[in-house]
Amino acid sequence: MGRLSGEMALAAAWVAALASSLSVLFIGEVLGQAPCILCWYQRTFMFPLAIVLGLGLWWQDRRAGRYGVVLSFGGGAVALWHLGLYVGVIPEPIQPCTATGPSCTDVNQLIFGVPIPLLSVIAFALVGALSAASLKEIRS
(Lines give C-alpha, C1' and ligand atoms only; values in the text may rest on other atoms or scores of the structure.)
Protein backbone atom coordinates (compact mmCIF):
# COMPACT_ATOMS: atom_id res chain seq x y z
CA MET A 1 0.00 0.00 0.00
CA GLY A 2 1.42 3.39 -1.02
CA ARG A 3 1.91 6.48 1.04
CA LEU A 4 -0.93 8.94 1.37
CA SER A 5 -0.16 12.06 -0.69
CA GLY A 6 -0.35 15.46 0.97
CA GLU A 7 -3.48 16.46 -0.92
CA MET A 8 -5.20 13.14 -0.18
CA ALA A 9 -4.32 13.43 3.53
CA LEU A 10 -5.73 16.96 3.62
CA ALA A 11 -8.88 15.80 1.82
CA ALA A 12 -9.30 12.94 4.30
CA ALA A 13 -8.82 15.36 7.22
CA TRP A 14 -11.47 17.65 5.74
CA VAL A 15 -13.91 14.76 5.27
CA ALA A 16 -13.37 13.66 8.90
CA ALA A 17 -13.87 17.23 10.20
CA LEU A 18 -16.95 17.75 8.04
CA ALA A 19 -18.46 14.42 9.09
CA SER A 20 -17.79 15.23 12.76
CA SER A 21 -19.33 18.69 12.43
CA LEU A 22 -22.42 17.37 10.67
CA SER A 23 -22.75 14.56 13.22
CA VAL A 24 -22.83 16.86 16.23
CA LEU A 25 -25.29 19.13 14.44
CA PHE A 26 -27.50 16.10 13.81
CA ILE A 27 -27.27 15.02 17.46
CA GLY A 28 -28.14 18.50 18.68
CA GLU A 29 -30.64 19.75 16.12
CA VAL A 30 -32.38 16.59 14.93
CA LEU A 31 -32.14 14.34 17.98
CA GLY A 32 -32.60 17.30 20.33
CA GLN A 33 -29.72 16.42 22.66
CA ALA A 34 -28.30 19.69 23.97
CA PRO A 35 -24.51 19.73 24.39
CA CYS A 36 -22.82 20.43 27.70
CA ILE A 37 -20.31 23.26 28.09
CA LEU A 38 -17.30 21.05 27.32
CA CYS A 39 -19.02 19.77 24.18
CA TRP A 40 -19.57 23.38 23.11
CA TYR A 41 -15.88 24.16 23.60
CA GLN A 42 -14.97 21.18 21.44
CA ARG A 43 -17.34 22.40 18.72
CA THR A 44 -15.55 25.74 18.68
CA PHE A 45 -12.49 23.85 17.45
CA MET A 46 -14.19 21.32 15.13
CA PHE A 47 -16.46 23.65 13.15
CA PRO A 48 -13.59 25.87 11.93
CA LEU A 49 -11.63 22.75 10.96
CA ALA A 50 -14.24 21.84 8.36
CA ILE A 51 -14.11 25.36 6.92
CA VAL A 52 -10.34 25.94 7.05
CA LEU A 53 -9.40 22.54 5.64
CA GLY A 54 -12.07 22.79 2.94
CA LEU A 55 -10.79 26.22 1.88
CA GLY A 56 -7.24 24.89 1.94
CA LEU A 57 -8.28 22.21 -0.54
CA TRP A 58 -10.23 24.67 -2.67
CA TRP A 59 -7.34 27.15 -2.88
CA GLN A 60 -4.74 24.34 -3.14
CA ASP A 61 -2.92 25.67 -0.08
CA ARG A 62 -0.41 22.93 0.70
CA ARG A 63 0.19 24.42 4.14
CA ALA A 64 -3.44 24.40 5.30
CA GLY A 65 -2.71 21.29 7.34
CA ARG A 66 -0.81 23.35 9.90
CA TYR A 67 -4.09 25.01 10.92
CA GLY A 68 -5.64 21.57 11.16
CA VAL A 69 -2.88 20.43 13.50
CA VAL A 70 -3.23 23.45 15.79
CA LEU A 71 -7.05 23.38 15.95
CA SER A 72 -7.03 19.60 16.46
CA PHE A 73 -4.56 19.95 19.30
CA GLY A 74 -6.76 22.51 21.07
CA GLY A 75 -9.97 20.58 20.55
CA GLY A 76 -8.28 17.31 21.42
CA ALA A 77 -7.05 18.76 24.73
CA VAL A 78 -10.59 19.74 25.70
CA ALA A 79 -11.88 16.36 24.51
CA LEU A 80 -9.26 14.50 26.57
CA TRP A 81 -10.19 16.53 29.66
CA HIS A 82 -13.86 15.75 29.02
CA LEU A 83 -13.10 12.04 28.57
CA GLY A 84 -11.03 12.02 31.76
CA LEU A 85 -13.96 13.46 33.67
CA TYR A 86 -16.35 11.02 31.99
CA VAL A 87 -14.42 7.87 32.88
CA GLY A 88 -13.43 9.14 36.33
CA VAL A 89 -9.67 9.44 35.76
CA ILE A 90 -9.95 13.08 36.80
CA PRO A 91 -11.41 12.74 40.30
CA GLU A 92 -14.27 15.20 40.14
CA PRO A 93 -17.73 15.01 38.64
CA ILE A 94 -18.32 16.58 35.25
CA GLN A 95 -19.09 20.09 36.47
CA PRO A 96 -20.55 21.58 33.29
CA CYS A 97 -23.14 18.78 33.10
CA THR A 98 -25.70 19.80 35.70
CA ALA A 99 -28.89 18.11 36.85
CA THR A 100 -30.97 20.79 35.11
CA GLY A 101 -29.05 20.75 31.82
CA PRO A 102 -27.61 18.14 29.46
CA SER A 103 -25.45 15.41 30.90
CA CYS A 104 -22.68 13.58 29.10
CA THR A 105 -23.05 10.74 31.59
CA ASP A 106 -26.60 10.02 30.42
CA VAL A 107 -27.17 6.82 28.42
CA ASN A 108 -28.59 9.01 25.64
CA GLN A 109 -25.10 10.42 25.11
CA LEU A 110 -23.82 7.11 23.74
CA ILE A 111 -23.53 6.56 20.00
CA PHE A 112 -23.45 2.84 19.16
CA GLY A 113 -22.45 2.23 22.77
CA VAL A 114 -19.48 4.62 22.60
CA PRO A 115 -19.50 7.80 24.73
CA ILE A 116 -19.49 11.08 22.82
CA PRO A 117 -16.32 12.36 24.60
CA LEU A 118 -14.39 9.32 23.31
CA LEU A 119 -15.71 9.85 19.78
CA SER A 120 -14.52 13.44 20.01
CA VAL A 121 -11.00 12.40 21.05
CA ILE A 122 -10.88 9.97 18.13
CA ALA A 123 -12.11 12.61 15.66
CA PHE A 124 -9.57 15.22 16.77
CA ALA A 125 -6.75 12.66 16.73
CA LEU A 126 -7.70 11.55 13.21
CA VAL A 127 -8.00 15.08 11.84
CA GLY A 128 -4.76 16.12 13.54
CA ALA A 129 -2.81 13.11 12.26
CA LEU A 130 -4.10 13.52 8.71
CA SER A 131 -3.40 17.26 8.80
CA ALA A 132 0.17 16.54 9.94
CA ALA A 133 0.55 13.92 7.21
CA SER A 134 -0.52 16.49 4.63
CA LEU A 135 2.52 18.60 5.58
CA LYS A 136 5.13 15.84 5.04
CA GLU A 137 5.72 16.72 1.36
CA ILE A 138 6.47 20.41 2.03
CA ARG A 139 10.21 21.06 2.03
CA SER A 140 10.54 24.82 2.54
Side-chain angles (χ1 to χ4, degrees):
M1 184 171 184
R3 260 179 31 126
L4 194 61
S5 73
E7 187 175 3
M8 289 300 294
L10 189 61
W14 174 69
V15 167
L18 183 62
S20 297
S21 296
L22 293 175
S23 295
V24 296
L25 285 173
F26 179 81
I27 291 168
E29 299 303 318
V30 176
L31 299 180
Q33 296 180 2
C36 72
I37 297 297
L38 290 174
C39 290
W40 272 114
Y41 292 155
Q42 291 165 63
R43 288 178 181 199
T44 64
F45 287 96
M46 187 58 76
F47 290 163
L49 276 167
I51 295 168
V52 169
L53 296 176
L55 289 174
L57 283 170
W58 180 267
W59 291 327
Q60 298 178 351
D61 182 358
R62 296 179 350 177
R63 295 176 187 251
R66 61 186 167 179
Y67 305 116
V69 170
V70 172
L71 287 168
S72 292
F73 182 77
V78 176
L80 274 173
W81 179 262
H82 196 181
L83 183 62
L85 290 170
Y86 179 85
V87 298
V89 173
I90 299 172
E92 64 181 70
I94 299 177
Q95 296 298 323
C97 300
T98 64
T100 59
S103 174
C104 294
T105 59
D106 189 343
V107 72
N108 291 329
Q109 299 299 328
L110 299 175
I111 306 297
F112 301 117
V114 181
I116 291 175
L118 177 58
L119 291 173
S120 183
V121 169
I122 292 168
F124 280 115
L126 179 63
V127 172
L130 289 168
S131 294
S134 77
L135 299 171
K136 296 293 184 190
E137 294 177 354
I138 299 173
R139 296 285 181 223
S140 56

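Predicted model only: the values in this text are computed from it and were never measured.
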Exercise for the section: For side chain to side chain contact (heavy atoms under 4.5 Å, CB included), just list the numbers for V24 and M46, CA-CA rounded to whole Å, side-chain angles, deciding distance to a tenth of an Å, and then say yes or no. Expected result: CA-CA 10 Å; V24 296; M46 187 58 76; 6.0 Å; no
Problem - Exercise: identify the closest heavy-atom pair between F45 and G74 - result: CE2-CA, 3.7 Å
Completion exercise
Rounded to the nearest 0.5 Å, the CG atom of L130 sits from the CE atom of M8 at a distance of 10.5 Å
Exercise for the section: Examine L53 and L18 and state if one hydrophobic cluster contains both, with Ile, Leu, Val, Met, Phe, Trp and Tyr joined whenever side-chain heavy atoms are less than 4.5 Å apart. Expected result: yes
Practice task
Evaluate the side chain to side chain contact (heavy atoms under 4.5 Å, CB included) criterion for residues I27 and I116: first the C-alpha distance (whole Å), next the side-chain angles of each, then the deciding distance (0.1 Å), finally the verdict.
Solution key: CA-CA 10 Å; I27 291 168; I116 291 175; 4.3 Å; yes
Practice task
Treating Ile, Leu, Val, Met, Phe, Trp and Tyr as nodes and any side-chain heavy-atom pair under 4.5 angstrom as an edge, say whether V89 and L119 lie in one connected cluster.
Solution key: yes
Problem - Reported CZ-to-OG distance for the pair R63 and S131, which is rounded to 0.5 angstrom - result: 15.0 Å
Problem - Pairwise distance CD1(I51) to OG(S21) - rounded to 0.5 angstrom - result: 8.0 Å
Practice task
Could you walk me through whether S120 and F124 pass the side chain to side chain contact (heavy atoms under 4.5 Å, CB included) test, one step at a time?
Solution key: CA-CA 6 Å; S120 183; F124 280 115; 3.4 Å; yes
Problem - Connected via hydrophobic side-chain network under 4.5 Å: V15 and W58 - result: no
Handout entry: Side-chain heavy atoms of L85 within contact of L38, under 4.5 Å
Key = yes
Handout entry: ILVMFWY cluster, L118 and L80 together (side-chain gap under 4.5 Å)
Key = yes
Handout entry: Intermediate values then yes/no, side chain to side chain contact (heavy atoms under 4.5 Å, CB included), C39 and H82
Key = CA-CA 8 Å; C39 290; H82 196 181; 3.4 Å; yes
Exercise for the section: Measure the spacing between OG of S5 and CG of L10 and express it to the nearest 0.5 Å. Expected result: 9.5 Å
Fill in the blank from the handout: In short, A64 meets G56 closest at the heavy-atom pair CB-CA, 3.6 Å
Problem - Distance in Å, L83 CG paired with I122 CD1, rounded so as to fall on 0.5 Å steps - result: 9.0 Å
Handout entry: Shared hydrophobic cluster, Y41 / L49 (ILVMFWY, side-chain heavy atoms < 4.5 Å)
Key = yes
Practice task
Quick one: pull up CD in E7 and CZ in R62 and give me the separation to the nearest 0.5 Å.
Solution key: 10.5 Å
Exercise for the section: Decide if atom CZ of F47 counts as having more than 12 heavy atoms of other residues, nucleotides or ligands within a radius under 6.0 Å. Expected result: yes
Completion exercise
Nearest heavy-atom contact between A50 and A17 is N-CB, 3.8 Å
Fill in the blank from the handout: Of all heavy-atom pairs linking A16 and V127, the shortest is CB-CG2, 3.7 Å
Problem - Test item: S134 side-chain N/O and G6 main-chain N/O as donor-acceptor pair under 3.5 Å - result: no
